[in-house]
Amino acid sequence: SAAFLDDDGNGENSDSVERPPRPESTPVEIAESKELLYLKSLLKSDGDTRAVRLIKLHIAWAWAIKHNNLQGFPWKDTYKEEFQYLSHIMTSAGKKISKELRGEPDKGLDAAHFPFPAKRTIDAFYNSCTGTPTVEMINQLSFALANEMTKDISDVSISANFGIATDAMDIIAGIEKYGNSLFGLEADHSIDQLFTKELEQLVAEVATHTSQLFLVAPDGSVVLPLAVFPHTKLTSKALADMVLEAKQKLEHVNISWVALDGDLPDIGKYLLDMCVFRDTDHVAKSGRNALMNSGVHWGDASSGVKLTLLNRLLVVPGLVADDMRKRITSLMKNFSPTPSTYQKLSVKPIKRIVDPTLISYLDEIASGHALENQILSLTRFLKLMNSVLYLWEPNGKREETLLKTVDA
């Protein structure tokens, strides 16, 4: 085997044994390991294959670590394809796993694992590709992906009957600046455009909601986020325009139906060739919230009522007899009619207050009561909510007789 040489070309034991200097004409021969010979063979015969390029990358990366030159590593020039491939792995793996994969090359070769780019290098690369993303840019990309994913659907019964589902969300109103772009308004703006607007006009355009559209195949084979639209107040016309714009940009499928996350009663007149599905749960929640917040009334102001009336019947002494209070509590199944914050998204509290037996009992005790008008107004509204909530269950819990008692 080959002798281990020190910096002067002498053997390991040169301190203990004095040796005569070798003639300069005599070459130093170091036996090559099988691995090194195999590597040379690979580089000669298969140097352009991905596996071998990754080996070459690992060697160059280790050399850069040894010489403290990682910041100048030629990712984009020499190893562009490997950089894109490894960056994809890093971003998919997540922060913790990617750190384990890369190790800590800043601490030297013993702390380095695999030749993955640093996070800051990956971030700089992605930022250079995308620039500052705008709502319009994101929507364009979403439509391009949707068209690519639906171009090979051969079944006409599927491609002709796609739908769009909508979901409106409350957002925190505010304006954020990224580069020369402003976010938080109903439409994309640049900094320059900011100074051309009056303050009142700018404030009026600050979005308080955003509507997300989803492309849905009738068989569930495709469900894609399609586009997002920031807005202030959402009207039937505005949402219909969003849907029609999406329909126009879809190249390979037809939109034949729309599913709302609530209800905009007159949206159908803007979407004449589409079937509109309304989310009855959301509509019922909106009715309950109106009853909780602003209240409702039938006819004159004396019949105005809020949901707090039901709470008062349960807790205020003297409003109803004790046996009536116990009966109402029993029908509510000890469930509060005005839910706490985390329960407001649940349908269960609504089902409790629109139970037909409870509504019928409230109707019975209203006659001759000091709060007769308010109780009757409450029961009328609860009947309407019952009919909405169980709209798709005519043979289930919905009571047909309830809706008939509500004035047209």
Side-chain angles (χ1 to χ4, degrees), residues 135-136 139 142-143 146-147 150 156-171 185-187 204-205 207-218 222-291 293-294 296-299 350 380-381 383-394 398 400 402-404 406-408:
V135 172
E136 182 180 358
N139 287 351
S142 297
F143 281 113
N147 285 326
T150 56
V156 178
S157 65
I158 299 296
S159 62
N161 291 292
F162 266 69
I164 288 179
T166 70
D167 185 18
M169 298 161 281
D170 294 345
I171 59 174
L185 302 172
E186 289 185 290
E205 293 181 11
T208 56
H209 299 75
T210 182
S211 287
Q212 172 76 60
L213 306 188
F214 298 89
L215 181 66
V216 183
V222 177
V223 180
L224 290 172
L226 195 57
V228 61
F229 297 93
H231 55 83
T232 52
K233 183 179 180 180
L234 185 63
T235 64
S236 298
K237 177 69 164 58
L239 184 59
D241 287 344
M242 298 176 197
V243 172
L244 293 174
E245 179 182 341
K247 180 178 181 178
Q248 184 180 12
K249 291 182 177 180
L250 293 168
E251 300 173 357
H252 309 295
V253 296
N254 177 61
I255 303 301
S256 62
W257 55 272
V258 178
L260 308 180
D261 70 336
D263 188 23
L264 293 168
D266 60 343
I267 194 172
K269 70 181 183 182
Y270 302 106
L271 302 171
L272 297 177
D273 59 343
M274 299 184 195
C275 180
V276 179
F277 295 98
R278 292 162 167 85
D279 188 334
T280 54
D281 285 1
H282 271 79
V283 176
K285 289 178 192 176
S286 297
R288 187 273 315 279
N289 294 342
L291 199 57
N293 301 325
S294 57
V296 298
H297 68 86
W298 305 82
I350 301 175
R380 285 178 176 178
F381 195 75
K383 291 171 187 177
L384 186 58
M385 285 177 56
N386 172 282
S387 298
V388 170
L389 185 61
Y390 297 113
L391 181 65
W392 306 110
E393 301 180 45
R398 183 185 178 201
E400 297 289 344
L402 288 180
L403 187 57
K404 292 176 182 178
V406 178
D407 296 338

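The chain is numbered in sequence order, starting from 1.
- Scanning for side-chain hydrogen bond (donor to acceptor under 3.5 Å, both in side chains) contacts around Ser159 gives an empty result, with sequence neighbours left out.
- Smallest separation of non-hydrogen atoms from Ile255 and Lys247: O-NZ, 3.6 Å.
- In this structure, the salt bridge (Lys or Arg N to Asp or Glu O under 4.0 Å) partners of Glu245, at least two apart in sequence or on a different chain, are Lys249.
- Nearest approach of Tyr270 to Ser236, heavy atoms of both residues: CE1-CB, 4.0 Å.
- Atom CG of residue Asp273 and atom CG of residue Leu244 lie 7.5 Å apart, to the nearest 0.5 angstrom.
- Between Leu260 and the options Val283, Asp167, Leu239, a side chain to side chain contact (heavy atoms under 4.5 Å, CB included) holds for only Leu239.
- Considering only residues two or more places apart in sequence or on other chains, Ala227 meets the side chain to side chain contact (heavy atoms under 4.5 Å, CB included) condition with Asn139, Phe143, Phe229.
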Exercise. Between Val243 and Met274, does a side chain to side chain contact (heavy atoms under 4.5 Å, CB included) hold up when you go through it step by step?
Worked result: CA-CA 10 Å; Val243 172; Met274 299 184 195; 3.9 Å; yes
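- For the pair Val388 and Ala284, the tightest heavy-atom approach, listed with the atom from each and the gap, is CG1-N, 4.2 Å.
- The nearest pair of heavy atoms linking Arg288 to Ile350 is NH1-CG1, 3.7 Å.
- The side chain to side chain contact (heavy atoms under 4.5 Å, CB included) test applied to Thr235 returns Lys237, Ala238, not counting sequence neighbours.
- With sequence neighbours excluded, the residues that form a side chain to side chain contact (heavy atoms under 4.5 Å, CB included) with Ala160 are Val156.
- Here the rule is side chain to side chain contact (heavy atoms under 4.5 Å, CB included) with Thr166, and of Leu234, Leu213, Leu226 only Leu213 fits it.
- When all heavy atoms of Asn161 and Ser157 are compared, the pair lying nearest together is ND2-O, 2.9 Å.
- Thr210 pairs by the side chain to side chain contact (heavy atoms under 4.5 Å, CB included) definition with Met169, Ile171, Val228, not counting sequence neighbours.
- In this structure the side chain of Phe162 never reaches within 4.5 angstrom of the side chain of Ser256, judged on heavy atoms.
- For Val276 against Arg278, the heavy-atom pair with the smallest separation is CG1-NH1, 3.6 Å.
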Problem set entry | CA sep, side-chain torsions, deciding dist, call: Thr150, Leu250, side chain to side chain contact (heavy atoms under 4.5 Å, CB included) | CA-CA 9 Å; Thr150 56; Leu250 293 168; 5.8 Å; no
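- Note that CG of Asp266 is 10.5 Å distant from CG of Leu271, once rounded to the nearest 0.5 Å.
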